[in-house]
Protein chains: 2
Amino acid sequence: MDIKKTYSISELAKEFDVTTRSVRFYEDQGLLHPTRRGQTRIFSSKDRVRLKLILRGKRMGFSLAETKELFDLWDETLSGNEKQLLLMLDTLARKRAQLEQQKNDIAQAEMEMDTAEARCREALADLQARKRKQTKATTKEPESIDQK
Amino acid sequence: MDIKKTYSISELAKEFDVTTRSVRFYEDQGLLHPTRRGQTRIFSSKDRVRLKLILRGKRMGFSLAETKELFDLWDETLSGNEKQLLLMLDTLARKRAQLEQQKNDIAQAEMEMDTAEARCREALADLQARKRKQTKATTKEPESIDQK
DNA sequence: AAAATACTTTACGTTTACGTAAACTTTATC
DNA sequence: GATAAAGTTTACGTAAACGTAAAGTATTTT
């Protein structure tokens, strides 16, 4: 299975480079469900996975609410109820469409970055060329030093 | 070139399905630069393009500030100053890295959605199977009607 | 001319996702 | 046993990205 271990809040925070404040906030919003030893939080490897998913979701532009919805939906899906299963399939389909849109957006952006970069390089080359000409005209180059 | 036309605020809002409030906000933040006829805003096709870019940026998880930075950087790049050109190239490289990360995230997500969907369909198939069995056991099927 | 339509500015309100500080408890270290 | 280190709760603060009136101007339609 997984690494079957438990984690402290700062272990997780360090590993994923977030603040403990954020982790507590995610729990508060119902995205993580650590157990307690006394009043100290103990995170399971399931929590760890979910934290990873939360952060990836953020990078993909998902809100915490959206991510929570998916978590909850998946938990209910595991109950095996038919209605939930169908709902999950539907949700997955919609998410896929969203990802398709994002892929298109990225592809577009990459193309435009290509042309932008090309123009930059061209402009730079022009500059360099003019510089060389300037240098040649200004600093009387030693016609040929170091020849035998 | 482009469609060489001008646009009213509500034309743009309608076309891109945003509120006029948002459009004004984007101007306020320095992302759009409409001219004025009296006090009424007149948007150029350049503004239109930028609005499109703003929205795509949002879908890709970019903040307005990030997008504005890119706009400003690009404008300064056009001045042809060498330092700006190099800065732009550097920025482009960093953005590309960001997009790579996003593509990885999306690919990961798609894989996980694949397995999630598979599990759903499996669970559903099980349910249906059990249902059929139930039906067969409960409602004494007419052994063979319609035979000659 | 009255009313509807489209635009404007000003400004306070709201949600999300935390930051930051204060005050306190528990556990580890010297 | 003092102190530092890591954890806790409570609570106010903040930046981003608008929403939502309120109140006014300008133009167009009836």
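Chain naming here is simple, since letters A, B, ... match the order of the sequence lines and numbering starts at 1 in each. Values below: every heavy atom of this structure, side chains too, minus hydrogens, waters and symmetry copies.
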query: Counting side-chain heavy atoms from CB outward, which of dT8(D), dA17(C), dG7(D) is closest to Ser10(A)?
result: dG7(D)
- prompt: Do any side-chain nitrogens or oxygens of Tyr26(B) fall under 4.0 Å of OP1 or OP2 in dC18(D)?
  reply: yes
statement: Ile9(A) has its side chain closest, among dG19(D), dA6(C), dT8(D), to dT8(D)
Expected list for residues 85-94 of chain B: side-chain donor-acceptor pairs under 3.5 angstrom, two or more places apart:
unit_1	atom_1	unit_2	atom_2	d
Asp90(B)	OD2	Arg94(B)	NH1	2.5
Thr91(B)	OG1	Leu87(B)	O	2.9

- prompt: Taking atom CZ of Arg37(B) as the centre, does the number of heavy atoms from other residues, nucleotides or ligands within less than 6.0 Å exceed 12?
  reply: no
field: Ser22(B), nearest nucleotide to its side chain (from dC18(D), dT8(C), dA17(C))
entry: dC18(D)
- request: Report yes or no: is the cationic atom of Lys14(A) (NZ for Lys, CZ for Arg) closer than 6.0 Å to the six-membered ring centre of Tyr7(A), at no more than 45° off its axis?
  value: no
task: Taking only heavy atoms on the protein side, list every residue of residues 27-43 of chain B lying under 4.0 Å from any atom of DNA chain C, sorted numerically.
output: Arg36(B), Gln39(B), Thr40(B), Arg41(B)
message: With a 4.0 Å cut-off on N to O distance, would you call Glu117(B) and Arg121(B) a salt bridge?
response: yes
- prompt: Salt-bridged, Lys103(A) to Glu100(A), with N to O below 4.0 Å?
  reply: yes
message: Heavy atoms only, 4.0 Å cut-off, all strands: where does Thr20(B) land among base, sugar-phosphate and nothing?
response: nothing
message: What I'd like to find out is whether the side chain of Arg36(A) reaches to under 4.5 Å of the side chain of Arg41(A), using heavy atoms alone.
response: yes
message: Checking contacts here: which listed nucleotide (dC18(D), dC18(C), dG19(C)) is nearest the side-chain heavy atoms of Arg21(B)?
response: dC18(D)
